[in-house]
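Below is one structure, written out as structure tokens; comments come after it.
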Amino acid sequence: MSSETKEQKQEETEEEFPKRYDPKVEEPHWQKFWDDNQISKFDPKDTTRKIFSIDTPPPTVSGKMHLGHAFGNSQQDFIARFKRMNGFNVLQPFGTDDNGLPTQTLIQKLKHVRAKDLGRTKFSKLCIETLENELKPTYLADWKRLGISCDFDVKYSTIDPHSRKVSQKSFIDLYNAGRQYRIDAPAMFCPHCKTAIAQVECEDKDIASFFNDIVFKITTEDGKEEELIIATTRPELLPACVAIFYHPEDKRFHHLRGKTAKVPLYDMQVPILEDKRADPQKGTGIVMCCTFGDQTDCEWQKAHKLPIIEAIGKDGKMTEVAGKYQGNSPEIARKLIIEDLKDSKLLLTQKPITHAVNVHERCETPVEFIQSKQWFIKYLDLKDKMLEWGNELKWFPHHMKNRYDNWVNCLAWDWCISRQIFFGIPFPVWYCKDCDEVILAKEEDLPVDPLEQKPPIDECPKCKCKEFIGEKDIINTWATSSLTPTIVKELFKGEPCYEKLKSEPMSLRPQGHDIISFWLFNTVVKSQLHHNMLPWNDCFINGWMLDPKGKKMSKSKGNVVEPQVMIEKYCADALRFMAAGCSLGEDLPFPEKELVAGTKTLNKIWNASRFALMHLENFDPNSIDKEKIESNLEVIDKWLISKLNKVIKAGTDSFEKHEFSKCRSETDKFFWQVFCDNYLELCKYRIYSEDIEPEKKLSAQYTIYKVLLATLKLYSPFLPHITEAIYQRFFKEFESDISIHISKWPKFEENLINETSENAGDLAVDIVGAIRKYKSENQLSLKSELPELNIDKPEFEDKINLVIADICAVTHAKGVKFGKLNKEPILTNEFGVGLYL
RNA sequence: GGGCCCGUGGUCUAGCCCGGCUAUGACAUCCGCUUGACUUGCGGAGGAUCCCCAGUUCAAAUCUGGGCGGGCCCACCA
């Protein structure tokens, strides 16, 4: 070859396989390629392949992917890609959770409107338009930019007509099954947002307050007055006081049993009762029960059938029972009442305290309990079954099941699903104006909006009245998002895969540990109630991505790390590399240096591939006698292939258990230490030498091809972009698959495990290592030539003879001799081999 | 109050289920080298009472019990 053509050739290679890997160009390029070629397509017509279906967590609106998403979705994607390469028809849908209060709040803020000014219909329209046109496209772009292999054509929104239909049907089915009931009940209520809220929407907040010792008066049998001191933080609830409790074993108060006490400032007598929920240690040991100061008050009301006096109304203000305090907020009323108590000498002391108060997590307003008609799902009777269902699920990691069990064991209420907000899925229900009879929508009419549409009947079946009122409340978002498996499956109605999908649980639910008690739990409950089966076989619980100091990321703390910024600074593969390094379920402070390590790995993969492929120019794996080559492989090649197979085995086994991080670390170790640092060096002399026997060169080329391709495949779920970039540049020509991501996962070939070769190879590597150490300690260049190498273990002669050429080539030794020399060895290696020069 | 997880060189971490050589790797530090893919590289060095105490065992980072420390979930919070 003339020097001119050689240069030309060089340039061509450069262009085809540039010296540097540029993720900013490559990543978007391959993302488009996958889109165009529908690499992540779920095939609904395919009834032969096994389905692997993932109940992907639909992100809530905000329009931007945050690091937690990037982390969790990457991990989910590793599993999806692994399954795809293992021959599964993978269903990885893309949903968004646009339902409910978060959306309502966001849209109000973005559009500077108030939901109640527009009304439900107009406001909902605005929400949906903003979601579809402004927020979702950004979301989708973020997901694609990270290389998540969802089938983006399989999409849903928890507010779209399809989900509305599924959700409303769920309500009707549960109603017909007798599990849906509507009662007047104390429900947690946010006076600020003016809606009922569920237990899970509350959080604790420390608030400064006062313990007020208040005097209740009792008239004893002999006509004398006794004073009863009660400590309370909520004197404004005095008008709603319905009873006084002490602990049954608290002898101090036994004499009061059956008596009544007068409520200060109000002309009311309330009974004095026993209940073991009253704590003798707390306050004065005696407690007043008001409608509804807190959860215990609600329980007492139920247990002792106490009257209900509403002191706080649905507008968040004091009601008429509060007398002169009517119309004030509870906060103001409290101040006024305290003043009046002081004036009447009914307030003994005030002790400042800080106590945790249940507040609505979105607005931090203290939660009140108010009496109203709410829809509940009856499920407290199923606690034992719920525990069984939890046992049937396969948990990764297993200990996360404890949280589920803990939650079930602590359940105290049926599930309140009514919300008094504007944006969401309406109840498919009307009420008869006269008798309040419930009129359900017909299934074929779903989805319906009872505020816009008429009920399916003209007159009430009970009272023959012809007027109906549509339900104004909407269904809480969790009651819909707990239906995601059904929402996804129903998208395929009429497709060949539908029956199969419907008849079995989905394969996997990946999600964070923070929502085990609602999303996971509620999904299990709904799936069992509706379909009598688990929603999925496995659930995979990922941890939280914390800030670099290990604190929770939050906008208010200003410690949010944005994945988009990290992708820009490093690249998507680097971010995914990091996500692949964390073990299951563990929270993890954001390790930015893992992204640096990822970038280095990408560089190493690129360069090693570039080197390897440069020397495979005339190698065509399809026109060689594979069997002949395989039976005549050089020892060091067998050594490498044997080690590769062990990595394939370990990597595949751990991936099957969703322990992808082990697969990454095994691959890392093999690729970097075995393949690059040792093998490529050991085989160089065969590659470069002009006068080497062609078989020996071919053996190296065959090995490089095979091992590099397998390594890329092992890396491909984690690093989809760079592996594709290399596959397309070289391997595609010889392999039939249009993308590495739908090629076959490397197969473990037990017959290629070769302990003899591994021993010999390990010995060679060890001797090379010893020489490198010697040179390093003597500050010699690694290229410096050595005279003959003497090895004092003749029993290794056979083994070393197999790899002698490789050793000499790497250490630049002239040759190797065996036998003891009468001088100190330069060093001794771990095989007890003394080396002499 | 109930439950769960975690505690390993300066920092982060693997190993723990299933006990066994000199405890893994990354980053950082120091010394050296530039081997015809890679200064985003290569070789080497220093650096760990594996939280503490007790027990089981020939043998404990690993198993058991107790303690200390950190975190999370749930409940309570008159």
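The shown structure was predicted, so the numbers you read here are calculated from the model rather than taken from an experiment.
Nucleic acid contact class of Arg20(A) (heavy atoms, under 4.0 Å, all strands): base.
With P as the reference atom, G32(B) and G71(B) are 44 Å apart, rounded to whole Å. Comparing G67(B) with G3(B), their P atoms sit 13 Å apart, to the nearest whole Å. Straight-line distance between the P atoms of C18(B) and G25(B): roughly 26 Å, to the nearest whole Å. To the nearest whole angstrom, the two C1' atoms, one in C58(B) and one in G1(B), are 45 Å apart. Between U39(B) and G20(B), the two P atoms lie 41 Å apart (nearest whole Å). On the C1' atoms, C72(B) is 40 Å away from C30(B), given to the nearest whole Å.
When distances are taken from the side chain of Thr599(A) to each of C38(B), U40(B), A26(B), the shortest belongs to U40(B). In this structure, the nucleotide among C74(B), C33(B), A26(B) sitting nearest to the side chain of Cys410(A) is C74(B). For Asn406(A), the side-chain atoms get nearest to G2(B) when compared with the rest of G2(B), C74(B), U35(B). Comparing C74(B), C38(B), C33(B) by their closest approach to the side chain of Asn603(A) singles out C38(B). Distance from the side chain of Asn402(A) is smallest for C4(B) among the nucleotides U34(B), C4(B), A26(B). Nearest nucleotide to the side chain of Lys783(A), out of U35(B), G25(B), C72(B): U35(B).
Between Leu682(A) atom CG and G36(B) atom C1' the separation is 16 Å, expressed in whole Å. Taking atom CZ of Phe675(A) as the reference point, atom P of C38(B) lies 15 Å away to the nearest angstrom. Atom CD in Glu681(A) sits about 9 Å away from atom P in G36(B), given to the nearest Å. In this structure, Ile722(A) atom CD1 and U40(B) atom P are separated by 16 Å, rounded to whole Å. Rounded to a whole Å, the NE2 atom of His513(A) is 11 Å from the P atom of C74(B). The interatomic distance linking Asn409(A) (CG) with G3(B) (P) rounds to 11 Å, in whole Å.
Partners of Lys401(A) by side-chain hydrogen bond (donor to acceptor under 3.5 Å, both in side chains), not counting sequence neighbours, listed by chain and number: Asn391(A), Asp405(A). In this structure, Tyr727(A) has no side-chain hydrogen bond (donor to acceptor under 3.5 Å, both in side chains) partners at least two apart in sequence or on a different chain. Not counting sequence neighbours, the partners of Phe671(A) by the ring-ring contact (aromatic ring centres under 6.0 Å, His included) test are Tyr715(A). Listed by chain and number, the residues in a ring-ring contact (aromatic ring centres under 6.0 Å, His included) with Phe71(A) amount to none (sequence neighbours excluded). For Phe210(A), the ring-ring contact (aromatic ring centres under 6.0 Å, His included) criterion is met by no residue, not counting sequence neighbours. In this structure Phe731(A) satisfies the ring-ring contact (aromatic ring centres under 6.0 Å, His included) test together with Tyr705(A), sequence neighbours excluded.
A 3.5 Å limit on both hydrogen-bonding distances identifies no Watson-Crick or G-U partner for A23(B). Applying the Watson-Crick and G-U wobble criteria (two distances, each under 3.5 Å), U62(B) pairs with nothing in any strand. Both distances falling under 3.5 Å, in either a Watson-Crick or a G-U wobble arrangement, place C72(B) opposite G3(B).
In this structure, Lys600(A) reaches the C27(B) phosphate: one of its side-chain N or O atoms is under 4.0 Å from OP1 or OP2. Between C33(B) and Ser781(A), no contact under 4.0 Å exists linking OP1 or OP2 to a side-chain N or O.
Map Ala597(A) and Lys657(A) each onto its nearest nucleotide of RNA chain B; the residue landing nearer the 5' end is Lys657(A).
Remark: Asp668(A) does not engage Lys604(A) in a salt bridge, criterion side-chain N to carboxylate O under 4.0 Å. The pair Arg234(A)-Glu368(A) meets the salt-bridge criterion, since a charged nitrogen lies less than 4.0 angstrom from a carboxylate oxygen.
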Problem set entry | Annotated protein contacts, base or backbone, on nucleotides 42-47 of chain B with a non-hydrogen cut-off under 4.0 Å, one of B, S, - each | SBSS--
Look for any protein N or O under 3.5 Å of an N or O in nucleotides 6-12 of chain B and output each such pair with its distance, or none.
from	atom 1	to	atom 2	distance (Å)
U11(B)	O2	Lys593(A)	NZ	3.1

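A salt bridge (Lys or Arg N to Asp or Glu O under 4.0 Å) check over residues 513-524 of chain A, counting only residues at least two apart or in different chains, returns nothing.
Partner of Leu348(A) under the side chain to side chain contact (heavy atoms under 4.5 Å, CB included) criterion, chosen from Val215(A), Ile214(A), Asn212(A): Val215(A).
Residues Ile722(A) and Phe577(A) form no side-chain contact, since every pair of their non-hydrogen atoms from C-beta on lies 4.5 Å or further apart.
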